[in-house]
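Written below as structure tokens is the structure these notes are about.
Read the numbers this way: they start at 1 and go in the same order the structure lists the ligands and their atoms. Everything numeric in this text was worked out from a predicted model, so none of it was measured.
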Amino acid sequence: MDPFTIAVFISGNGSNLQAIIDNIESGRLPIKIAFVLSNDPNAYGLTRAKNHNIPTHIINHKDYSDRELFDGAILKTLKKHPLDLIVLAGFMRILGKKIIDQYPNKIINIHPSLLPKYKGLHTHQQALDNGDTEHGSTVHFVTANLDDGPILGQARLTLRNSDTPDTLKTRIQQLEHSLYPTIIKWIAEETLTIQHDKLFLQGSPLSKQGYQLPMSDV
Ligand code: GRF
């Protein structure tokens, strides 16, 4: 049987991609990455992929005069590979409805806030500005509405007085590197399933906030 196969979409550093690769190579995550796609030719994540002999595709949004053409190029690349899941890991472009409609419940994203709080950008600054006591990251299915699909899981931390957007980014990414591979593994082995927009973990319904990663001191 073919292994559960994913594509990972990135735009930058790719530390979440690295966490997925490390989990695969250590045998904890029995899946295959068919390719890594980046819209930014200079994304460091491309080097990470190459270091592990994972094929890469660059689809630079700047080479396309409009969103539809960019989406068309992505779709063409996707169609060349049989995929079980598309994993957005720091991919900073919005995927068009045409792509999302062709992969229902097959695209997931990791977003650095406790959704539904703080969709979009500058999430750490917003958590600080609002004096939040906790903050975190969310893995969710991608739907046509930004950062809005059913929530698969969250990792949370307690804010410290000394936190800045940079410290929060570092602390939250440590949690993401554990949360994201865990969720992908559960989807691959069908431990985590979706039926009629409702999520189930080992057959039991999950709350709207999804699986909660146990708190750790990051
Ligand atoms: C992550 O923190 C994720 O929450 C957000 O973008 C960041 C990507 O980081 N969507 P990296 O490229 O995986 O290091």
Subject >> Closest protein heavy atom (residue, atom, distance) for atom 6 (O) of ligand 1 >> reply: G90 CA, 3.5 Å

**OP:** Kindly check if the number of other-residue, nucleotide or ligand heavy atoms within 6.0 Å of CG (D129) is above 12?
**Re:** yes

Subject >> Linked, directly or transitively: I6 and L179 (ILVMFWY side chains, under 4.5 Å) >> reply: yes

Original post:
Under 4.0 Å from any heavy atom of P112, which atoms of ligand 1 are there?
Top reply: 4 (O), 5 (C), 10 (N)

**OP:** Starting from atom 10 (N) of ligand 1, locate the nearest protein heavy atom and write down its residue, its atom name and how far away it is, to 0.1 Å.
**Re:** I110 O, 2.8 Å

**OP:** Around atom 9 (O) of ligand 1, find the nearest protein heavy atom and jot down its residue, atom name and distance.
**Re:** Q173 NE2, 3.1 Å

Subject >> Main-chain N/O of T158 paired with R171 side-chain donor or acceptor, under 3.5 Å >> reply: yes

Subject >> E176: numbered ligand 1 atoms lying under 4.0 Å from its heavy atoms >> reply: 1 (C), 2 (O), 3 (C), 4 (O)

Subject >> Residue and atom name of the nearest protein heavy atom (relative to atom 12 (O) of ligand 1), distance in Å to one decimal >> reply: G14 N, 2.8 Å

Subject >> Results of side-chain contact (heavy atoms from CB on, under 4.5 Å) for K79 - residues two or more places apart only >> reply: L75, Q102, Y103

Subject >> Where ligand 1 meets S15 - atom numbers and elements under 4.0 angstrom, heavy-atom basis >> reply: 11 (P), 12 (O), 13 (O), 14 (O)

**OP:** Only one of N130, D147, T138 passes side chain to side chain donor-acceptor pair (under 3.5 Å) with Y118; say which it is.
**Re:** N130

Subject >> Note, N60 side chain near N39 side chain (heavy atom, < 4.5 Å) >> reply: no

Original post:
Would you say ligand 1 has an N or O under 3.5 Å from any N or O of N16?
Top reply: yes

